[in-house]
Amino acid sequence: MRLSTPEALRIFRAWENTSESWNRRDFFAPGGTTNRGEPEADTKLFKMTADPHPPALPAAYDPQTSEPDIYDSWLRQGVFTADAGSDKLMFSIVIPPPNVTGSLHLGHTFEHTMMDALARRRRMQGYEALWLPGMDHAGIATQNVVERHLAQGGLSRHDLGREKFVERTWQWKQEYGGKILDQMRRFGVGVDWSRERFTMDEGLSQAVLTIFKNLYDDGLIYRAERIINWCPRCQTALSDAEVDHSDDDGELVSIRYGQGESSIVVATTRAETMLGDTAVAVHPDDQRYRHLVGTVVELPLTDRSIPVIADAHVDPQFGTGAVKVTPAHDPNDFAIGQRHGLAMPTIMDERGVITVPGPFEGLDRFEARPAIVAALREQGRIVAEKRPYVHAVGHCSRCNTTVEPRLSLQWFVKVAPLAAAAGVAVRDGRVGIHPPEMAGRYFDWIDNLHDWCISRQLWWGHRIPVWYGPDGQVRCVGPGEQPPTEPGWRQDEDVLDTWFSSALWPFSTLGWPQKTVDLQRFYPTSVLVTGYDILFFWVVRMMLFGLYAMGRTQRQADGSVTVDADASPTAVPFQQVVLHGLVRDQYGKKMSKSGGNAVDPLAWIGTYGSDALRFTLARGANPGADAPISEEWVKGSRNFCNKLFNATRFALSHDARVPAVGALADRGRLSLPQRWILQRLDVCVAEVNAALDAYEFARAANAAYHFVWDELCDWYVELAKQELAGPDHQADDARLVLGQVFDVMLRLLHPLLPFVTEQLWMTLTGQPTVVTAQWPTCQGAADQTGAENSMTHLQNLVTQVRRFRSDQGLRDRQRVPARLVGLEQTDLAAYEHQVRALTWLAVPTGQDAAEDFTSTASVAVSIGTHPVTVELDLAGTVDVAAERARIAKDLAAARTEQQQVQAKLGNSEFLAKAPSQVVEKIRARAAAAQADIDRLQAQHHALGGPEQERSTA
RNA sequence: GGGUGCAUAGCUCAGCGGUAGAGCACUGCUCUUACAAAGCAGGGGUCGUUGGUUCGAACCCAACUGCGCCCACCA
């Protein structure tokens, strides 16, 4: 196959962009070319020197070509490298570290869009802005991937052994782990690559050791035999947060324990656990079983007898009111077992295989279940069955295997002493949550805490720094300490939960436990942007550890340690939390690989550009909101970029100049359209700022979108064409106004559309980069000249004439001679030329034009209180039917309006109780409606319209 | 089981007490030199149902119906 040149180029670029070219770390090597203020000369696309003639823009908007070059230039200029020594105000964001195994998906681009916008805006506002990137080692996920990889070669991790396996995983990380970072570069994230971190790198591992040791010494980490969630496939413990519950079909069987008079019936969905039963429990007040408490019953299929005990935890209303107790395989039963000192035999191994000697030994738990039910049925022990029986079942969030509660020896973090302070920090406003409604979910967790199981039976991760001696000694080895070397000592085999190191991310990445300048200047981080789906996994835990490590602790009288709830504001890991939703498809369905509707962001970036994808995501990005997205909408955003590109190109081609500061302050001199667009620009700036202050990216994007497209392009640019062709002073003003509007808008849009605004702004201003340009602020000038009102009049007039022309089937090109009667009485008197240009109306020609001109059709419009009639010469070709239809329609609308308004004005209570401004507004509407009705009726009459068109009211 | 949210145009959503809006889709016309990745004009909704509060309700309150999400050791 032969490729055409452009096609080949495109493919080459796509390939080039994804990997090789981005691995040139010399762009951001420490001490290299990244120092701010000393941009390296760039000969490729952009001139860094003051060039009086900046390079012309390409003829077409072409993100595929320009975006990678622009990103290179940013890295070369070092604009994202934060200076901790700066005396500016500080702003910092740490990236939610993506899994090292991952590739970029739309969820990442979604939150990166928001973080980049926030950081870029702050940088333009004069802050020293740090956006710190990095990756998470993702314990279970990565180990699973590498194990799958090994399995293809017929190997298991045990064939390699621990050391080799970990080595292999590091290798894998080096080879594939940076993929997502390469993809982020193509997206154009403005992160500080010189500060990139990894949860398993040297510094962060020190942080993990340090906090483990501190917590251990403070008695906040302990090891205990507890019921934990166990995944028989991953063969590791899981925290509560790593278990997903779903309502599954099961089977509830009732089994008779014991014989005859002294028998008792219990119900269960997990019949196989009966092999581990050590009691039957009933409620102490339950009269039905009172006589049995203290006796023993025979446990079927075994040679054991178990006691009947009384425990207040049993619900007498449920089932038979009697519960079988399996302390080693059920959390409730474990608690009962502890209270009654019951034996806790484990009946399954780590794979979920029955270990009790006998006929069921070696059976998987799901094979054992029907086998045991069958055996019980044979003995006549099954007294009732209910199937299907829907009940909540826990699944491993990593592999979806049914979780098995299992008694085992694990490490835990004592959460209560940490959590109180974490609750207070949000309640007293030191940490803001957006949207505020979601703080409720945060408190749900904080107020209902369970201790956090942090040990994992994996090999990939931070190994627990505890050593066990030959005589039962336990020693926690802190950072810098030597592990015991005497014979017989061995280190704990387990590693820490991935979220343990993630919980340190806001300060470990800044150098903690060292007292670094970064830590001092950039902590607490300003904003955390993350999904509401990991509020519990991550946000809560960062709060716990952040306040513990960076705040103060108190030793209680009993020797226990708690985190001081009144820790200073500088202890919190972040000051604001912005929670975003999920990316959904165009039908509102959650995007997921399994749902088959997942999209590779790079594909869209390749076709439409990073800016287009960002803008589409931004238009769905409000706190707590899910963002629907589809290719059509990305295309729409690309079209917007193209619009902006072409409009700027228009301005440049007419020598638009950015005015000196204050040059346009005296607006009295300017034309109506000029005053209007500057006024609207100011409103847009205010709206965008207000929206971004509230993290409402969607509102900001929409405000800018509508200003650029509906106001700037559709109206001002069209009007400016007339001004540019007009008298010199007017043309000069137009060039300055265009310069001003585009300068401000490009800066204002930069956080949301970084690439196209950079390209256009550099060309417009000749400056090296918009990244460090000054952020626009609202001038706050009220519309003192009534420009908005007059422009509304102009727009109405123009639209009415255009509509008439459209209804009459007139081509735009067809200049129609016309008189604008009465215009001189209105505020548009000076703008007849502009009105004619926008409506393609010609001045009547001929010797005595005004007198000879014969009108054959007219359009009547109300300009404020003044009637204006546009009289056109259609040379007798007026489509009367079309015209009458149009007028009839307007008349009907005007009458409806009049009816509604009169209903209000006829209501004495309305007049009495409604605010006077509202009443005045309604009166004005009534007057306007009446004027419309009069005018339209006259026109309708003139066209020979029948009288029955009268209102039926 | 406990929370919590949502129902507005064909689709996805904004509006949250005083004339129902946007994008896409749809219809007609136009290659008018910034832009056809466009322009101009247009059609389309008793704002889930039923009550209530109010001069006035898409908006506030209650109930109902239908979806969704979060939490949960219901054997």
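Residue numbers begin at 1 in each chain, while the letters A, B, ... track the order of the sequences.
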Which donor-acceptor pairs under 3.5 Å do the side chains of residues 625-632 of chain A make with protein atoms, sequence neighbours left out?
from   : atom 1 : to     : atom 2 : distance (Å)
A:D626 : OD1    : A:Y532 : OH     : 2.9
A:D626 : OD1    : A:L582 : N      : 2.8
A:D626 : OD2    : A:R584 : NE     : 2.6
A:D626 : OD2    : A:R584 : NH2    : 2.8
A:S630 : OG     : A:E632 : N      : 3.3
A:E631 : OE2    : A:Y608 : OH     : 2.8

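Checking B:A72, B:C40, B:C35 against the side-chain heavy atoms of A:R802 singles out B:C40 as nearest. Residue A:D807 places its side chain closer to B:A41 than to any other of B:U30, B:C40, B:A41. Listed nucleotides: B:A34, B:A22, B:C55. Nearest to the side chain of A:R619: B:A22. Picking from B:C29, B:A75, B:C55 the nucleotide with the shortest atom distance to the side chain of A:K324 gives B:A75. The side chain of A:P628 lies closest to B:U12 when the candidates are B:C55, B:C29, B:U12. For A:R441, the side-chain atoms get nearest to B:C70 when compared with the rest of B:G18, B:C70, B:A38. With B:U12, B:A41, B:G18 as the choices, the nucleotide that has an atom nearest any side-chain atom of A:W633 turns out to be B:U12. Of the candidate nucleotides B:A75, B:C35, B:A41, B:A41 has the atom lying nearest to any side-chain atom of A:S806. With B:A72, B:G23, B:A34 as the choices, the nucleotide that has an atom nearest any side-chain atom of A:F650 turns out to be B:A34.
Look at A:R803 and you won't find any side-chain N or O under 4.0 angstrom from OP1 or OP2 of B:A41. Considering only side-chain N and O atoms, A:K904 lies nowhere under 4.0 angstrom from the phosphate OP1 or OP2 of B:U19. In this model, the phosphate group of B:A34 is approached by a side-chain N or O of A:K721 to a distance below 4.0 Å at OP1 or OP2. Within the structure, a side-chain polar atom (N or O) of A:T799 is placed less than 4.0 Å from OP1 or OP2 of B:A41. Proximity of A:N639 to the phosphate of B:A38: a side-chain N or O atom is located under 4.0 Å from OP1 or OP2. In this model, the phosphate group of B:G39 is approached by a side-chain N or O of A:W709 to a distance below 4.0 Å at OP1 or OP2. For A:R638, no side-chain nitrogen or oxygen approaches OP1 or OP2 of B:A37 to under 4.0 Å.
Nucleic acid contact for A:D315: base, since at least one base atom lies under 4.0 Å from a heavy atom of the residue. If you check every strand for non-hydrogen atoms under 4.0 Å, A:F645 touches nothing. Looking at heavy-atom distances under 4.0 Å, A:H654 makes no contact with the nucleic acid at all. If you check every strand for non-hydrogen atoms under 4.0 Å, A:N907 touches sugar and phosphate atoms only. Residue A:V266 is out of contact with every strand shown, counting any heavy-atom pair closer than 4.0 Å. Within 4.0 Å of A:P405, counting heavy atoms only, lies no atom of the nucleic acid at all. At the heavy-atom level, A:T268 lies under 4.0 Å from the strands shown only through sugar-phosphate atoms. Within the nucleic acid shown, A:E718 comes within 4.0 Å of at least one base atom, counting heavy atoms only. Looking at heavy-atom distances under 4.0 Å, A:C713 makes contact with a base.
Atoms CD (A:Q800) and C1' (B:C40) sit 14 Å apart, rounded to a whole Å. One atom, CG of A:L535, and another, P of B:C71, lie 9 Å apart when rounded to the nearest Å. The CG-P distance, from A:D626 to B:G68, rounds to 14 Å in whole Å. Nucleotide B:C70 holds its C1' atom 9 Å from the OH atom of A:Y532, rounded to whole Å. Between A:L764 atom CG and B:A34 atom P the separation is 18 Å, expressed in whole Å. Between the CD atom of A:E883 and the C1' atom of B:A41 there is a distance of 14 Å, rounded to whole Å. Taking atom CD on A:Q795 and atom P on B:C40, their separation rounds to 11 Å, with Å as the unit. Atom CG of A:D714 is separated from atom P of B:A34 by 14 Å (rounded to the nearest Å).
In this entry B:U32 has no Watson-Crick or G-U wobble partner, no candidate having both defining distances under 3.5 Å. Base pairing of B:G51: its partner is B:C61, meeting the Watson-Crick or G-U wobble criterion (both donor-acceptor distances under 3.5 Å). Nucleotide B:C26 is matched to B:G42 when pairs are restricted to Watson-Crick or G-U wobble geometry with both distances under 3.5 angstrom. Nucleotide B:C69 has B:G3 as its partner under the Watson-Crick or G-U criteria, with both atom distances under 3.5 Å.
At least one cation-pi condition fails for A:K721 and A:Y716: the charged atom is not both under 6.0 angstrom from the six-membered ring centre and inside a 45 degree cone around its axis.
Counting heavy atoms from C-beta on, the side chains of A:T268 and A:L252 never come closer than 4.5 Å.
Within residues 919-928 of chain A, the residues that place at least one heavy atom under 4.0 Å from RNA chain B are, in residue-number order, A:R925.
Nearer to the 5' terminus of RNA chain B, by closest-nucleotide assignment, is the contact made by A:E437 (compared with the other of A:E437 and A:G636).
Note: A:H580 and A:F110 have perpendicular aromatic rings, judged against thresholds of 30 and 60 degrees for the angle between ring planes.
Using a 4.0 Å cut-off between a side-chain N of Lys or Arg and a carboxylate O of Asp or Glu, A:D330 and A:R270 qualify as a salt bridge. Ion pair A:E272/A:R365 not flagged as a salt bridge, since none of the NZ, NE, NH1 or NH2 atoms sits closer than 4.0 Å to an Asp/Glu carboxylate oxygen. Under a 4.0 Å N-O distance rule, the pair A:R895/A:D932 does not qualify as a salt bridge.
Taking every heavy atom of both residues into account, A:S254 and A:V265 meet most closely at CB-CG1, 3.7 Å.
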Step-by-step side-chain contact (heavy atoms from CB on, under 4.5 Å) determination, A:R886 to A:Q800 = CA-CA 11 Å; A:R886 178 177 73 84; A:Q800 287 299 316; 4.0 Å; yes
